[in-house]
Amino acid sequence: MQKLYNPAILLLLLAGGVVWSACSDGCEQTRETHCVTSLTSVSGYSITSVYAWGIGQQGVLDESSPTGYSDTLMLEETEPEELYFVLRPDTTATQIRLQMRVSADSAYQVEDTLTIHYQPRTFFLSMDCGCSVFFTLKEVSVTRHFLRSASIQKDEITNTDEVNVSITY
């Protein structure tokens with residue numbers, strides 16, 4: 001009886017298929033992590049626009065800034081219901097200045113600071129996707145000039161878009 005296949009070639013093809021599937025050129029997951037913050041009005045006011053800056057972001061020296069560094073614009077939103085903030089992985093706290101345009105009977109501008117305390121940790125996603133930094137929220141607070149309160153809704157910040165912090169105004 002004659003062999004219809006060579007075991008060595010079959011083994012080589014099988015090994016090649018495993019290597020080919022392990023080296024796919026697409027990452028199935030995102031490495032990006034955001035602190036998703038919901039905004040809820042309990043006052044009858046509405047936020048028509050918001051600018052958010054990271055306070056004390058290191059990198060560019062600015063002697064006129066109280067922190068000694070320039071602040072970094074993180075986002076600009078119109079009529080926001082949710083805000084997405086990037087947390088600094090090199091520290092355990094991020095402060096964000098929120099400059100809001102508010103309207104009820106008339107429009108005016110207000111500012112508050114959101115402070116987020118957390119624990120960063122490196123998380124291995126996969127061979128294709130590499131690593132990401134996930135965060136565990138410890139505490140959140142706002143300065144209460146206009147904003148009333150901030151609370152943690154989900155303390156684990158991963159690469160999914162779930163609300164982590166709730167802010168009422």
Check [X] against [Y] and note the closest heavy-atom contact, atom names and distance.
X	Y	result
Ile96	Ala52	CG2-CB, 3.8 Å
Ile55	Thr113	CD1-CG2, 3.8 Å
Tyr169	Ser46	OH-CA, 4.1 Å
Pro89	Pro120	O-CG, 3.7 Å

4.5 Å side-chain heavy-atom contact, [X] and [Y]:
X	Y	value
Leu39	Leu83	yes
Val163	Glu82	yes
Met100	Leu147	yes
Leu114	Ile167	yes
Phe85	Thr94	no
Ile116	Leu137	yes

Measuring from atom [atom1] of [X] to atom [atom2] of [Y], what distance do you get when rounded to the nearest 0.5 angstrom?
X	Y	atom1	atom2	answer
Ser132	Phe123	OG	CZ	9.0 Å
Glu77	Leu98	CD	CG	11.5 Å
Ile152	His117	CD1	NE2	10.0 Å
Ile157	Tyr118	CD1	OH	9.0 Å
Ser126	Arg31	OG	CZ	9.0 Å
Glu111	His145	CD	NE2	8.5 Å

(Q) With side-chain hydrogen bond (donor to acceptor under 3.5 Å, both in side chains) as the criterion, how do Glu139 and Ser141 come out once you've worked through the C-alpha distance, each side chain's angles and the decisive distance to 0.1 Å? (A) CA-CA 7 Å; Glu139 180 184 356; Ser141 62; 5.2 Å; no

Q. Would you say Tyr51 has more than 12 foreign heavy atoms packed within less than 6.0 Å of its OH?
A. no

Q: Check the surroundings of atom CD in Gln109: do more than 12 heavy atoms from other residues, nucleotides or ligands lie under 6.0 Å from it?
A: yes

Could you tell me whether a side-chain N or O of [X] sits under 3.5 Å from a main-chain N or O of [Y], the two making a donor and an acceptor?
X	Y	result
Thr33	Thr158	no
Asp112	Arg144	yes
Asn164	Cys35	no

Q. According to the interplanar angle, ranging from 0 to 90°, do the rings of His34 and Tyr84 count as parallel (below 30°), tilted (30 to 60°) or perpendicular (above 60°)?
A. perpendicular

Q. Side chain to side chain contact (heavy atoms under 4.5 Å, CB included) between Phe135 and Thr92: does it pass, once the steps are laid out?
A. CA-CA 9 Å; Phe135 302 89; Thr92 59; over 6 Å; no

Linking I/L/V/M/F/W/Y whenever their side-chain heavy atoms sit closer than 4.5 Å, directly or via other members, would [X] and [Y] fall into one cluster?
X	Y	result
Leu75	Val165	yes
Tyr45	Val110	yes
Phe146	Val140	yes

Q. Can Thr136 and Glu156 be said to form a side-chain hydrogen bond (donor to acceptor under 3.5 Å, both in side chains), step by step?
A. CA-CA 5 Å; Thr136 302; Glu156 293 298 318; 3.0 Å; yes

If we ignore angles and hydrogens, is there a donor and acceptor under 3.5 Å between the side chains of [X] and [Y]?
X	Y	value
Ser149	Thr168	yes
Tyr108	Ser103	no
Thr160	Glu162	yes
Arg148	Ser43	no

Q: Take Val133 and Arg121 through the test side chain to side chain contact (heavy atoms under 4.5 Å, CB included) and record every step on the way to the result.
A: CA-CA 6 Å; Val133 178; Arg121 68 181 189 287; over 6 Å; no

Q. Is the closest basic N to carboxylate O distance between Glu79 and Arg101 below 4.0 Å?
A. no

